[in-house]
Undergrad: 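Here's a structure for you.
Letters A, B, ... mirror the listed sequences (proteins, then strands); counts begin at 1. Owing to the predicted nature of the structure, the values given are computational and were not obtained by experimental measurement.
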Amino acid sequence: MSKETAAPTIDIRRSGLGRARGLGTARSGSAHWWAERVTSAALLPLVLYFVVSVLVLKGADHAQMAAYMAEPWNTVLYIALIAALFYHLDMGMQAVIEDYVRKDAQRIVLLLVVKGGIVILALASLISVLKLAFS
Amino acid sequence: MKDVREALMVGRNSEGKLVRRPLSPHLQAYNMVRISSGLSIMHRITGVALGAGTLLFTAWLVCAAAGDGAFSVIQAIYASPIGLLILFGFTLALFFHFCNGIRHLGWDAGKGFDLPVMHRTGQLVIAATIVLTLAFWVIAFLVG
């Protein structure tokens, strides 16, 4: 314990600036952290909008759903929701997987599978909204 | 310190002195019944659950885009007892993650770290989650 708590000394040749520039375990500095916060702030109003839209569309038939998604503001807000939601989900899942999956091979494969799935879900959602909006 | 990787575990305190960064203890070290650690892990659990829940969201939109038949099938599935139960769980996770997310943004702004405040905001999150979820379902049953 005393060895652990002793003030460390640095005897490697690496400047403080070198460490600060885009480093950290993810090699991308604080960009990831900021993107998590920005998407979560964006999702606050977007999720409230989504909750209201679900109540509006409760029991809707196909024609009502298509008409709703064809309204320009609904198209825009759904696309914004999809973008922020899946970006936020991607970063959250990455953080969880990186924290709990220790073995490199397992972690990398799982990250790629989850990220790939999230991209497919995001594209499917986006194309569906666009198709409803423009048909 | 000989290894470059170790550099990531070293920082400077406010006096400029080199210190080892503290490591978070692993999950088992926490008493999850406590409101602070319990809500913390619930944020992750609900986050992952909502990730699975996006399958419902995407399926809904894809079926709507596929056409009349597919959309009436998925609307019927979501309106069935099992569908409603799953959607209830979804809204519970959503409102919890939403409320606790606001709490997290407060911490990111440097506010609310005092233990009594943290306990109070934690209780507030639980209360708000229950109120919002119940309000949603009351409105859902009153509408239409």
Undergrad: Does the A:His62 side chain pair with the main chain of B:Gly69, one donor and one acceptor, at a distance under 3.5 Å?
TA: no

Undergrad: Checking side chain to side chain contact (heavy atoms under 4.5 Å, CB included) for the pair B:Tyr78/A:Lys58: CA distance, chi angles, key distance, verdict?
TA: CA-CA 10 Å; B:Tyr78 288 167; A:Lys58 183 207 155 197; over 6 Å; no

Undergrad: So for atom CH2, which belongs to B:Trp107, do other residues, nucleotides or ligands contribute more than 12 heavy atoms lying within a distance under 6.0 Å?
TA: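 For B:Trp107, atom CH2 is crowded (more than 12 foreign heavy atoms under 6.0 Å).
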
Undergrad: Using modelled atom types only, decide if a donor and an acceptor are shared between the side chain of B:Gln75 and the backbone of A:Asp61 within a distance under 3.5 Å.
TA: no

Undergrad: Would you say CG of B:Leu115 has more than 12 non-hydrogen atoms from neighbouring residues, nucleotides or ligands within 6.0 angstrom?
TA: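 Enclosed: over 12 neighbouring heavy atoms sit under 6.0 Å from CG of B:Leu115.
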
Undergrad: If we define contacts as heavy-atom pairs under 4.5 Å, which of B:Ala76, B:Gly67, B:Gly101 has the most with chain A?
TA: B:Gly67

Undergrad: Of all the heavy-atom pairs spanning B:Thr54 and A:Leu85, show the shortest one and how long it is.
TA: CG2-CD2, 4.1 Å

Undergrad: At a 4.5 Å cut-off on heavy atoms, which part of B:Leu94 comes close to chain A: side chain, backbone, both, or neither?
TA: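 Answer is side chain: those atoms of B:Leu94 sit under 4.5 Å from chain A.
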
Undergrad: Examine whether an atom of A:Ala95 lies under 4.5 Å from a heavy atom of chain B, and if so say whether it belongs to the side chain, the backbone or both; otherwise answer neither.
TA: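 Contact with chain B is through both the backbone and side chain of A:Ala95.
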
Undergrad: So what's closer than 4.5 Å to chain B heavy atoms on A:Leu123: side chain, backbone, both or neither?
TA: neither

Undergrad: A:Phe50 vs B:Phe57 aromatic rings, parallel, tilted or perpendicular, using cut-offs 30° and 60°?
TA: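 Perpendicular.
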
Undergrad: Under a 4.5 Å heavy-atom cut-off, does chain B meet the side chain of A:Leu44, its backbone, both or neither?
TA: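 Looking at A:Leu44, backbone and side chain both touch chain B.
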
Undergrad: Heavy atoms only: give me the nearest B:Leu105-A:Ser40 pair and the separation to one decimal.
TA: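 That would be CD2-OG, 3.5 Å.
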
Undergrad: Does A:Gln64 reach the side chain of B:Phe71, with side-chain heavy atoms less than 4.5 Å apart?
TA: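 No, too far: nothing below the 4.5 Å cut-off.
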
Undergrad: B:Thr58 and A:Ser125: which non-hydrogen atoms are nearest, and at how many Å?
TA: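 That closest heavy-atom pairing would be OG1-OG, 2.9 Å.
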
Undergrad: So, taking the atom named CZ in B:Phe98 and the one named CG in A:Leu43, what distance separates them when rounded to the nearest 0.5 Å?
TA: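 Result: 9.5 Å between the selected atoms.
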
Undergrad: Under a 4.5 Å heavy-atom cut-off, does chain A meet the side chain of B:Val62, its backbone, both or neither?
TA: both

Undergrad: Go through the atoms of B:Ala79 and report whether side chain, backbone, both or neither lie under 4.5 Å from a heavy atom of chain A.
TA: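 Neither part, no heavy atoms under 4.5 Å.
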
Undergrad: Minimum heavy-atom separation for A:Lys131 to B:Ala65, with atom names?
TA: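 Closest approach of A:Lys131 to B:Ala65: NZ-O, 2.7 Å.
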
Undergrad: For a 4.5 angstrom cut-off between non-hydrogen side-chain atoms, does B:Trp60 reach A:Leu57?
TA: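 Side-chain contact under 4.5 Å: yes.
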
Undergrad: For each of A:Ile118, A:Asp90, A:Leu48, A:Val54, tally heavy-atom pairs with chain B at distances under 4.5 Å, and name the one with the top tally.
TA: A:Leu48

Undergrad: Rounded to the nearest 0.5 Å, what separates atom CG in B:Leu61 from atom OH in A:Tyr78?
TA: 6.5 Å

Undergrad: How far does NE2 of A:His88 sit from NE2 of B:His97, to the nearest 0.5 angstrom?
TA: 4.5 Å

Undergrad: By a 4.5 Å heavy-atom criterion (distance strictly below it), what part of A:Val129 contacts chain B: side chain, backbone, both, or neither?
TA: side chain

